[in-house]
K.L.:
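Structure below; questions to follow.
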Amino acid sequence: MDLELDKHSIPFDLESTLRCGQLFRWEKQDDWWYGVVEDRVIRTRQKNHILEFEGAPYKFISHYFRFQDNLPKIINKIQRDPFITLAAQTFPGLRLVRQDPWECLISYICATYKNIPAIKKMINELSKRFGDQLTVDNQNYYTFPKPKELAKSTINELRMCKLGFRAKRVKQAAMIVDSNQLDFEKLKITEYKKARNELTQLPGVGNKVADCILLFSLDKLEAFPVDLWIKRVIQQKYANHFERSFIKTISARKSLSQNEYDKISSFAQNYFGEYAGYAQEYLFHFFRSQAHRIDE
DNA sequence: GTAGCACCTCACTG
DNA sequence: ACAGTGAGGTGCT
C-alpha cells in the first residue's frame with residue numbers, strides 16, 4: 001500500500017525514525033526496511049513523500065508511527081534554545097514510535113549497560129528461541145516472545161541468548177507480567193510519576209528504564225529518560241541551568257544517583273514542557289550522530 | 001541521603 | 001592479533 005504523506009500533511013522521515021535508536025527490530029535490505037511488530041512482518045520504504053508498506057493496514061502503521069502526533073506543533077513547543085532547534089531541524093520528520101509495552105519493558109531491561117548492536121543481538125536471540133516463526137519473501141522472522149514463554153524459561157536458556165546478568169531480571173519481570181501483576185493499560189491512564197513508581201518496582205527497572213517504557217510505549221510524552229548521552233548533553237549544553245557544583249559532581253562519575261537523575265529529568269520536563277520526550281529523542285539522536293557514526 | 005563497586009558480554013579501539 | 005575499554009544502568013552494601 002502506498003501513502004502520500006504530504007497530502008495528509010504528516011511530516012515523517014522513515015530513515016531517521018528507524019535509525020534513531022529507539023527500536024531494535026528493524027533491518028534494511030536493499031532499499032526496504034523489514035521489521036517485526038507484534039505478530040507481523042512489515043516491509044516499508046519511503047521515496048520522497050510516498051511511504052510504501054506491506055504487512056499491516058494503514059491504521060496499524062499510523063498508530064505505530066504516531067502519525068496523529070502533531071509534529072510541527074510539538075517541535076514549536078520544545079524549541080526553547082538554538083541547540084534543540086538545530087537538533088530538530090537536522091532530523092525533520094523524526095518521530096517517536098509507539099511500541100508494545102511488554103516488548104519495550106524487556107528490551108530496555110536488556111539494554112542496561114549495552115550498546116545498540118549488542119542489544120539487537122540479544123533481542124533477536126530471544127525471539128529466535130522463544131518467539132514464533134514467520135516467513136516472508138522466503139526469509140524467516142521471529143515474533144517477540146510472549147510473557148508466558150519467558151516466564152517459564154530457565155536462567156540458563158536466557159543466558160544462552162547472551163543476556164548475562166540480565167537473565168534473572170528478565171525472567172522475574174516476565175513472571176510478574178505473566179501473572180497479571182502489572183496492568184499496562186492501567187498504567188497508560190495513570191499519572192506519570194505514579195506510573196513510574198510502579199514500574200521501578202520491577203527487577204532491572206530503575207528510573208531510566210522506567211522512563212523509556214513510559215515514553216516509548218505508555219504514551220507519556222513528558223517522560224525524559226536520562227542516559228549517558230543525555231547526561232553529556234546536559235554537561236556540555238545546559239550546564240548553565242544548574243549549580244556549578246552539581247555539574248562538577250556528575251561529571252566526575254559515570255552513572256547518576258537517583259537524586260541526580262531526577263534533578264536532570266525534572267529540569268528537562270519543566271524546560272521543554274509536555275513534549276519533553278520528543279526533545280529527548282532529538283537531543284539523543286543529534287548528539288550521538290555528532291559524536292560518531294551511527295551504529296549499524 | 002550519597003558513594004563505590006560488581007555485574008555478563010559484546011563491539012570497537014589502539 | 002589481542003588486551004583494554006566502555007556500553008541507552010541497576011542493585012547491593
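Every value quoted in this text rests on a predicted model; they were computed, and no experiment measured them. Basis for what follows: all heavy atoms, side chains included, without hydrogens, waters or symmetry-related copies.
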K.L.:
Let's see if you can work this out: which of B:dT9, B:dA3, C:dG9 has an atom nearest to the side-chain heavy atoms of A:Lys162?
P.N.:
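Of B:dT9, B:dA3, C:dG9, B:dT9 is nearest to the side chain of A:Lys162.
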K.L.:
By nearest atom, which of the nucleotides B:dC8, B:dA11, C:dA7 is closest to the A:Arg232 side chain?
P.N.:
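Between B:dC8, B:dA11, C:dA7, the one nearest the side chain of A:Arg232 would be C:dA7.
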K.L.:
Please report the distance, rounded to the nearest Å, between CZ in A:Phe287 and P in C:dA7.
P.N.:
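For the pair A:Phe287 CZ and C:dA7 P, the rounded distance is 12 Å.
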K.L.:
Between the protein and nucleotides 11-13 of chain C, which nitrogen or oxygen pairs come in under 3.5 angstrom?
P.N.:
unit_1, atom_1, unit_2, atom_2, d
C:dG11, OP1, A:Gly204, N, 2.6

K.L.:
Write down the distance separating the P atoms in B:dG4 and C:dG8, rounded off to the nearest Å.
P.N.:
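Those two atoms are separated by 24 Å.
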K.L.:
Find the partner of C:dG6: check Watson-Crick (N1-N3 plus N6-O4 or O6-N4) and G-U wobble (N1-O2, O6-N3) distances, both under 3.5 Å, and reply none if neither fits.
P.N.:
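Checking every strand shown, C:dG6 finds its partner in B:dC10, with both distances under 3.5 Å.
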K.L.:
Where the side chain of A:Asn259 is defined as all heavy atoms beyond and including C-beta, which of B:dT2, C:dA7, B:dC8 is the nearest nucleotide?
P.N.:
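Of all the options, the side chain of A:Asn259 is nearest to B:dT2.
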K.L.:
Does the ring of A:Tyr113 lie flat against the base of C:dA7, closer than 5.5 Å centre to centre with planes under 30°?
P.N.:
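A:Tyr113 ring does not meet the centre or angle cut-off for C:dA7; no stack.
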K.L.:
Any base atoms under 4.0 Å from A:Lys114, or only sugar-phosphate, or nothing? Heavy atoms, all strands.
P.N.:
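The answer is base, as A:Lys114 lies within the cut-off (heavy atoms under 4.0 Å) of a base atom.
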K.L.:
Quick one: A:Tyr108 OH to C:dA7 P, roughly how many Å, whole number?
P.N.:
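Going from A:Tyr108 (OH) to C:dA7 (P), I get 17 Å.
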K.L.:
Which whole-number value in Å describes the distance from A:Asp227 CG to C:dG6 P?
P.N.:
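Rounded to the whole Å, the gap is 17 Å.
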K.L.:
Please work out if A:Gln280 contacts a base, only the sugar-phosphate, or nothing of the nucleic acid, heavy-atom cut-off 4.0 Å.
P.N.:
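The residue A:Gln280 makes base contact.
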K.L.:
Considering just the side-chain nitrogens and oxygens of A:Lys120, establish if one lies under 4.0 Å of OP1 or OP2 belonging to B:dC10.
P.N.:
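For A:Lys120, the contact criterion (side-chain N or O under 4.0 Å from OP1 or OP2 of B:dC10) is not met.
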K.L.:
Rounded to the nearest angstrom, tell me the gap between atom CG in A:Leu163 and atom P in C:dT10.
P.N.:
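Answer to the nearest Å: 16 Å.
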